[in-house]
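Presented below is the structure to which this report refers.
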Amino acid sequence: MTATKAGLAGQLAVVAGFENPQAALEQYPTPPELAAHVVHVADLNGDIEGRTVLDLGAGTGMFTLGAALRGPDRAVGVEIDRDALDIARENRRRVGTRTEIHWVQADATRAPLCPDGPTTVVMNPPFGAQEGNEHADRAFLATAADVADVSYSVHNAGSREFVEAFAADNGGEVTHAFAAQFDLDRQFDHHAADRREIDTEVFRIEWD
């Protein structure tokens, strides 16, 4: 098990991103530093070790693998894109964790999940930045409310009012919120800069 946040980020630096990212699915790779920060906070709060950890919209496995390195009973990565899951499986070999990991190809907003025992969701859902896809993160939060005792999720800066209201309406409570920077490399034609920094917020929610 990796002891420090910096050590965890270093191990996750080998995780490969999307080969052919789909803008419609908002397939942006989660930076290893951000994943390490969220997983580290979850671990400090007792939300990783001995639990089932679900990564909804796992992409190429950054959060799944980060959690797996911190000693859960098992980690489950749910991702609709088969190509991304193929990369996630290869990333597991790169990272080398021995934790039991299940990769599930499914829509995370309609996932056939019935976890047994204490369950934590860690996720970087789509922000709903694409036209016609506004509030895409709402459906991911709804899944978390259904299957988890606690969840950690990354959202656009300025989402606190929405997240707190959604949690309150669905038997949840935001217990922690912190700002985090999301460094995004250019990968789609509509991106003007080669690299930009996106301000995000991470929320810990306890669900009834």
Side-chain angles (χ1 to χ4, degrees), residues 1-22 25-126 140-141 143-144 146-154 202 204 207:
M1 198 163 24
T2 306
T4 67
K5 181 172 70 173
L8 182 58
Q11 285 191 270
L12 294 176
V14 302
V15 172
F18 300 94
E19 288 184 357
N20 297 293
Q22 299 180 50
L25 294 178
E26 295 192 38
Q27 289 183 326
Y28 304 106
T30 303
E33 296 80 10
L34 175 57
H37 186 38
V38 174
V39 169
H40 183 69
V41 171
D43 195 20
L44 290 177
N45 280 294
D47 295 328
I48 300 288
E49 190 172 357
R51 299 172 68 91
T52 294
V53 179
L54 302 177
D55 179 3
L56 303 179
T60 63
M62 184 68 79
F63 267 133
T64 313
L65 295 167
L69 289 166
R70 285 295 177 94
D73 276 355
R74 69 190 62 81
V76 181
V78 182
E79 171 56 45
I80 197 169
D81 182 357
R82 181 182 296 276
D83 291 341
L85 281 179
D86 288 342
I87 297 170
R89 291 186 180 95
E90 180 59 34
N91 282 332
R92 183 191 182 170
R93 286 190 281 274
R94 289 190 181 98
V95 171
T97 175
R98 296 192 187 119
T99 294
E100 179 183 357
I101 296 179
H102 302 280
W103 303 107
V104 179
Q105 186 186 4
D107 181 346
T109 66
R110 298 179 180 84
L113 300 171
C114 253
D116 184 22
T119 301
T120 298
V121 162
V122 290
M123 61 180 176
N124 178 20
F140 283 75
L141 285 171
T143 298
D146 285 342
V147 302
D149 308 295
V150 62
S151 67
Y152 292 79
S153 51
V154 184
V202 181
R204 179 185 185 270
W207 303 98

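Remember, predicted model here, so these are calculated numbers, not experimental data.
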Report task. Compare every heavy atom of Q11 with every heavy atom of L69, then report the nearest pair and how far apart it is. Result -> CD2-NE2, 3.8 Å

Query raised in the report: Would you say L141 and M123 make side-chain contact, with heavy atoms under 4.5 Å?
Result: yes

Report task. Report yes if some heavy atom in the side chain of V41 is under 4.5 Å from a heavy atom in the side chain of R204; otherwise report no. Result -> no

Query raised in the report: Got a sec: does the CZ of R89 have more than 12 other heavy atoms crowding it under 6.0 Å?
Result: yes

Query - Under 3.5 Å donor-acceptor, Q105 side chain and I80 backbone - result: yes

Query raised in the report: Do you see a donor-acceptor pair shorter than 3.5 Å between the side chains of T120 and D47?
Result: no

Query raised in the report: Side chains of T109 and F140: closer than 4.5 Å at any heavy-atom pair?
Result: yes

Requested in this report: Determine whether P29 and T60 make a side-chain contact, defined as any pair of heavy atoms from C-beta on separated by less than 4.5 Å.
Outcome: no

Query raised in the report: Does any N or O in the side chain of N91 come within less than 3.5 Å of the main-chain N or O of A16, such that one atom is a donor and the other an acceptor?
Result: yes

Report task. Considering non-hydrogen atoms only, spot the tightest contact between T99 and A68 and give its length. Result -> OG1-O, 2.7 Å

Query raised in the report: Okay, side chain of T143, backbone of A108: is any donor-acceptor separation there less than 3.5 Å?
Result: yes

Query raised in the report: Once you round to the nearest 0.5 Å, how far does NE2 of H37 lie from CG of L8?
Result: 12.0 Å

Query raised in the report: What are the two closest non-hydrogen atoms of A67 and V53, and how far apart are they?
Result: CB-CG1, 3.6 Å

Query raised in the report: Do V95 and V15 come within less than 4.5 Å of each other through their side chains, counting heavy atoms only?
Result: yes

Requested in this report: Kindly determine whether T52 and D116 satisfy side chain to side chain contact (heavy atoms under 4.5 Å, CB included), including the steps that lead there.
Outcome: CA-CA 8 Å; T52 294; D116 184 22; over 6 Å; no

Query raised in the report: What distance do H40 atom NE2 and D43 atom CG have between them, rounded to the nearest 0.5 Å?
Result: 7.5 Å

Query - R51 vs D149 side-chain heavy atoms within contact, under 4.5 Å - result: yes

Report summary line: One should read off an interatomic distance between L56 CG and T64 OG1, to the nearest 0.5 angstrom, of 9.0 Å

Report summary line: One should read off an interatomic distance between M62 CE and T30 OG1, to the nearest 0.5 angstrom, of 6.5 Å

Query - Atom of S151, atom of W207 and distance for their closest heavy-atom approach - result: OG-NE1, 2.9 Å

Report task. May I have all residue pairs that pass salt bridge (Lys or Arg N to Asp or Glu O under 4.0 Å) and include part of residues 91-102, sequence neighbours excluded? Result -> E90-R93

Query raised in the report: With side chains defined as the heavy atoms from C-beta onward, is the minimum distance between L113 and T119 less than 4.5 Å?
Result: no

**Report entry** Distance-minimising heavy-atom pair for G59 and A88
**Finding:** O-CB, 4.1 Å

Report summary line: Heavy-atom nearest pair, L54 first then P115, reads CD1-CG, 4.2 Å

